[in-house]
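To keep things clear, I will list the structure first and then write my remarks on it.
All ligand and atom numbering here is 1-based and tracks the order in the structure.
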Amino acid sequence: MSSRKDIIQNIATSKLKLDHIDFKKTSLKEMFGINVFSEAAQRERLSKQIFKALQRTIKKGDTLDPAIADAVAASMKDWALEKGATHFTHLFLPLTGLTAEKHDSFLTPTGDGTAIAEFSGKELVKGEPDASSFPSGGLRATFEARGYTAWDPTSPAYIMEGPNGATLVIPTAFVSWTHESLDKKTPLLKSMDVLSGQAKRILKLFGKHVTKVFTTVGPEQEYFLIDSQFYYARPDLINAGRTLFGAPPPKGQELEDQYFATIPERVIACMADCETQLFKLGVPVKTRHNEVAPGQYEFAPLFEDSNLATDHNQLVIEVMRRTAPKYNLAFLVHEKPFAGINGSGKHNNWSMATDEGENLLNPGDTPHDNAQFLVFTVAVIRAVAKYPELLRVTVAHAANDHRLGANEAPPAIMSIFLGTQLQDIIDQLEKGDAKSTKPGGVLDIGVDVLPKLPKDAGDRNRTSPFAFTGNKFEFRAVGSSQSIGGPNTVLNTIVAESIDFVATALEKSISAGKSLHAAIKELLPVLIKENKKVLFDGDGYSEEWHKEAEKRGLPNLKNTVDALPVIVRKDSIDLFTKYKVFTEGELKSRFYVLCEQYVKTVNVEARLTSFMGKTMIVPACLRYQTEVAGSVAAVKAAGVDPTVQLELLKTLTSSISTLQSSLTALDGALAHHASGEPIDHAKYYRDKIIPAMNAVRMAADKLEGFVADDLWPMPTYREMLFIR
Ligand code: ADP
Ligand code: MG
């Protein structure tokens, strides 16, 4: 392996040949979606009748007529072959939080020594990967490993280009043969359906008869890019995705000179490359910029329906991961690759919209729409107030524990920030009638004459986990590496429950003879009173808020292990089974899988810490110790007072022995086998292993501060973050 000096030399003199994409020749507009079997491609290639039937399934949720699958498969295959595809794959989102795929060739031998390209409706609709190696949390014993993938026509198939040929990728749901979901997509689709059904009830009261309500999501993706030579010299980045050692750099992010700064050339070349590929795949990446931490960046797409947004976010990550090495860059998607520096999140911008495109969280211009807006908004507030722990648990995993509550990430206490104007309106509404609004706002707010809300009703509060930002809510606690499928499934379900509650109350009042507006005027103040404890527009980082939140009775589940049991609590099971989003068995299995994932993640990190400590850091320190001891002897031999050298030798020796004993303690903790349930294992890892790891790191980082730089065995923070 090259030394740090060589790596830096390489980077300084590297003449990386950057790909040249000529946007004059092919404009982004022409590129967009060319690798997608899109609605346009379907219209062009399918018979009118088949096209219409497929669109009914996609847009209205009608069950797919199996008879049309063969026709769709045939034209999908022709399209894919024209694009140079040789294989097809069913892509799914197993509980690992990653994507999984198995490729099959289109070729079928005919028996006479030749072969033809074939792809049947059956192959399109259903696949049967060996499911035994995916986490199922006990839903499936290995001897009955059958699981199958089922085509999701609402997320279009696409062509993934590779250096040698291309693959037709078919997004699918992954379920066990007993119909339990083994993936992130199936429950998401169910939750979207549930919300649609409930939201339509409210819209009906307003005289609107829509076919379907979609939840919409725009996930802003944060990530780090560092030179890949640094990456390859750090076993912790390779194996754990984050640095397990590293003293804080002399210059960190305190100068605030990074956010929105000019993007380095190599990085922007890589981004443009990714954007080109993503555009071809129909992923509407829109925004790119430098983030707060050195080496940190962000991609934001335009919002889409939650299912598509979830698949597309996975594609963004996949394309980034594959493309970065072309530019000698490593893509780091971990929530906290560098301690003490901003972590990466995924701001999950969320709203609801009708199939006609009306955003239900848009304050709108007319009083009529405002009443509707306020009903939906209060329903969302009630959902977060009633189920803060469920929302919290959707973002609970080992990596996100390093992020929540530290450096610009929201705390683990779930609260809502409405912004001054909306908060003011809600405050007035609580009192039943409102006559005035804050400067810059508008009008009287008797429910019949609701105010016209300004478009930018939400200002910024980065400390809030759940903020209203003009025409959507932004759930900011989601981690950069996780699938947004889980958080959105829960968000959709708790809001659906809340809308159900509101719709039921309004329908009851109306059938008792009240007008819609009278019913709303009666209900909303009560709901606001009951749920306003979750509204908070101050500084979420402050000590006072933690105390205040406790007084208000808001839960603060500080880490993953505290949060996970919420999944299998009776009220959670009741909620998800009532709306048929998860069965009790599915919830239990997810709880087990998440406990196991926590234990496995921390276990890998702990073993790496031990390994790197013993084989890299201690040897470097001993080499330096030998040098210093040599210096003591040399100075003595020269007849000079060796006090200074001896002082250094003593400090060094005692620091090494602290490191040694912390390594021994970590190994001891790792050798102990915890018994009991998966959650007990997780507790052991949280309470015993993580502190032992932290002790090793503290001792090692201290040594990094005074061991000779040329002996330090791995790239440092100041190098990885600042040398581009
Ligand atoms: P910022 O939060 O940095 O101000 P934007 O306002 O541009 O950024 O929006 C951030 C994200 O929110 C984008 O991905 C955007 O598409 C998404 N977004 C905007 N409107 C909606 C909506 N109605 N539903 C879901 N996401 C939305
Ligand atoms: Mg944002």
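- Remark: ligand 1 atoms within the under-4.0 Å shell around heavy atoms of Glu474 are 2 (O).
- The contact set between ligand 1 and Leu302, taken as ligand atoms under 4.0 Å from a residue heavy atom, comprises 16 (O).
- Polar contact check, Pro219 against ligand 1: no nitrogen or oxygen pair lies under 3.5 Å apart.
- The shortest N/O to N/O separation between Pro301 and ligand 1 falls below 3.5 Å.
- With sequence neighbours left out, Tyr158 forms a ring pair (Phe, Tyr, Trp, His ring centres under 6.0 Å) with no residue at all.
- Of the N and O atoms on the side chains of Glu318 and Thr99, not one donor lies less than 3.5 Å from an acceptor on the other residue.
- Exactly one residue among Phe299, Tyr297, Tyr223 makes a ring pair (Phe, Tyr, Trp, His ring centres under 6.0 Å) with Phe331. That residue is Tyr223.
- Salt-bridge check for Lys208 with Glu356: failed, with every basic side-chain N at 4.0 Å or more from each acidic carboxylate O.
- Residue contacts with ligand 1: His347 is excluded, as none of its non-hydrogen atoms falls under 4.0 Å.
- Asp537 is linked by a salt bridge (Lys or Arg N to Asp or Glu O under 4.0 Å) to nothing, counting only residues two or more places apart in sequence or in another chain.
- Ligand 1 has Asn359 within reach: a non-hydrogen atom of the residue lies less than 4.0 Å from it.
- Here is the list of ligand 1 atoms found below 4.0 Å of a heavy atom in Gly218: 14 (O), 25 (C), 26 (N).
- Only side-chain heavy atoms of Glu220 come within less than 4.0 Å of ligand 1; its backbone N, CA, C and O stay farther off.
- Remark: the backbone N or O of Asn471 is paired with a side-chain donor or acceptor of Asn359 at under 3.5 angstrom.
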